[in-house]
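Worksheet for the structure shown next.
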Amino acid sequence: MKENNKLNKGDIVYYSRILPPVGIYEICELVVRTIEDTYFVGVDKRDKHSYSFSYNRLNDIVFSDRKVCLQKVIEAEKNAPQVSDEREYEEY
């Protein structure tokens, strides 16, 4: 991502995927695939899922700097509610 927050196809961005109800706190590394007037689409480099975002999500949940994204995820996880007190069978 350029300094003026202009995205280009092929740019790498980081999505702070935070879903407290299910206990998901992770960073997705995305390659920008599609650029439109009101939204853009990024494809996860690992599992090839596509995520579409409006431009107002830049610097909110989508970042050009991985460290900033990581800090957002860490803060959210620190304040996370307990999802379940059940233990998975692998934990025994």
Side-chain angles (χ1 to χ4, degrees):
M1 188 171 4
K2 306 289 184 202
E3 295 135 18
N4 61 0
N5 288 339
K6 177 95 170 113
L7 289 175
N8 297 302
K9 285 184 181 180
D11 285 352
I12 304 291
V13 294
Y14 301 94
Y15 165 37
S16 57
R17 188 166 177 240
I18 300 169
L19 305 170
V22 292
I24 295 176
Y25 300 89
E26 65 184 6
I27 295 174
C28 298
E29 185 175 353
L30 309 177
V31 177
V32 176
R33 177 184 76 185
T34 306
I35 304 285
E36 294 295 333
D37 292 339
T38 58
Y39 71 95
F40 65 96
V41 177
V43 178
D44 192 301
K45 289 179 81 173
R46 283 184 314 161
D47 61 13
K48 306 303 181 203
H49 275 93
S50 296
Y51 299 95
S52 61
F53 303 98
S54 68
Y55 287 106
N56 64 356
R57 303 309 288 191
L58 289 172
N59 298 317
D60 177 28
I61 62 170
V62 178
F63 303 91
S64 61
D65 186 352
R66 188 178 192 287
K67 290 179 184 178
V68 174
C69 187
L70 177 61
Q71 189 60 39
K72 177 126 179 147
V73 171
I74 289 171
E75 284 299 316
E77 195 169 19
K78 192 184 322 179
N79 301 318
Q82 175 99 15
V83 174
S84 172
D85 59 353
E86 296 177 2
R87 293 199 301 179
E88 298 291 330
Y89 71 93
E90 291 95 0
E91 295 181 41
Y92 290 106

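Sequence positions, counted from 1, serve as the residue numbers for this chain.
Within the model, atoms CG of Asn59 and CG of Asp65 stand 9.5 Å from one another, a figure rounded to the nearest 0.5 Å.
Looking only at side-chain heavy atoms (C-beta outward), Val41 and Val32 stay at 4.5 Å or farther from each other. Under the 4.5 Å side-chain criterion, counting only non-hydrogen atoms from C-beta, Ile61 is not in contact with Tyr14. Using a 4.5 Å heavy-atom threshold, the side chains of Lys72 and Ile27 count as separate. The shortest distance between side-chain heavy atoms of Ser16 and Phe63 falls below 4.5 Å. Looking only at side-chain heavy atoms (C-beta outward), Val13 and Val31 stay at 4.5 Å or farther from each other.
Applying the salt bridge (charged side-chain N to carboxylate O under 4.0 Å, His left out) rule to pairs touching residues 30-46 yields Glu29-Lys45, sequence neighbours excluded.
Contact between Ser54 and Phe40 at its shortest, heavy atoms only, is O-CE2, 3.9 Å.
Every side-chain hydrogen bond (donor to acceptor under 3.5 Å, both in side chains) that Lys78 has, sequence neighbours left out, goes to Glu75. Checked against ring-ring contact (aromatic ring centres under 6.0 Å, His included), Tyr51 has the following partners two or more places apart in sequence or in another chain: Tyr15.
Only one option out of Asp60, Leu58, Leu7, Leu30 pairs with Phe53 in a side-chain contact (heavy atoms from CB on, under 4.5 Å); it is Leu30.
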task: Could you walk me through whether His49 and Val43 pass the side chain to side chain contact (heavy atoms under 4.5 Å, CB included) test, one step at a time?
output: CA-CA 6 Å; His49 275 93; Val43 178; over 6 Å; no
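Asp11 places a side-chain N or O within donor-acceptor distance of the main-chain N or O of Asn8, the cut-off being under 3.5 Å.
Leu70 and Ile18 fall within the same hydrophobic cluster, defined by Ile, Leu, Val, Met, Phe, Trp and Tyr side-chain heavy atoms under 4.5 Å apart, directly or through other members. Residues Tyr55 and Tyr39 do not share a hydrophobic cluster, clusters being chains of Ile/Leu/Val/Met/Phe/Trp/Tyr side chains in contact below 4.5 Å.
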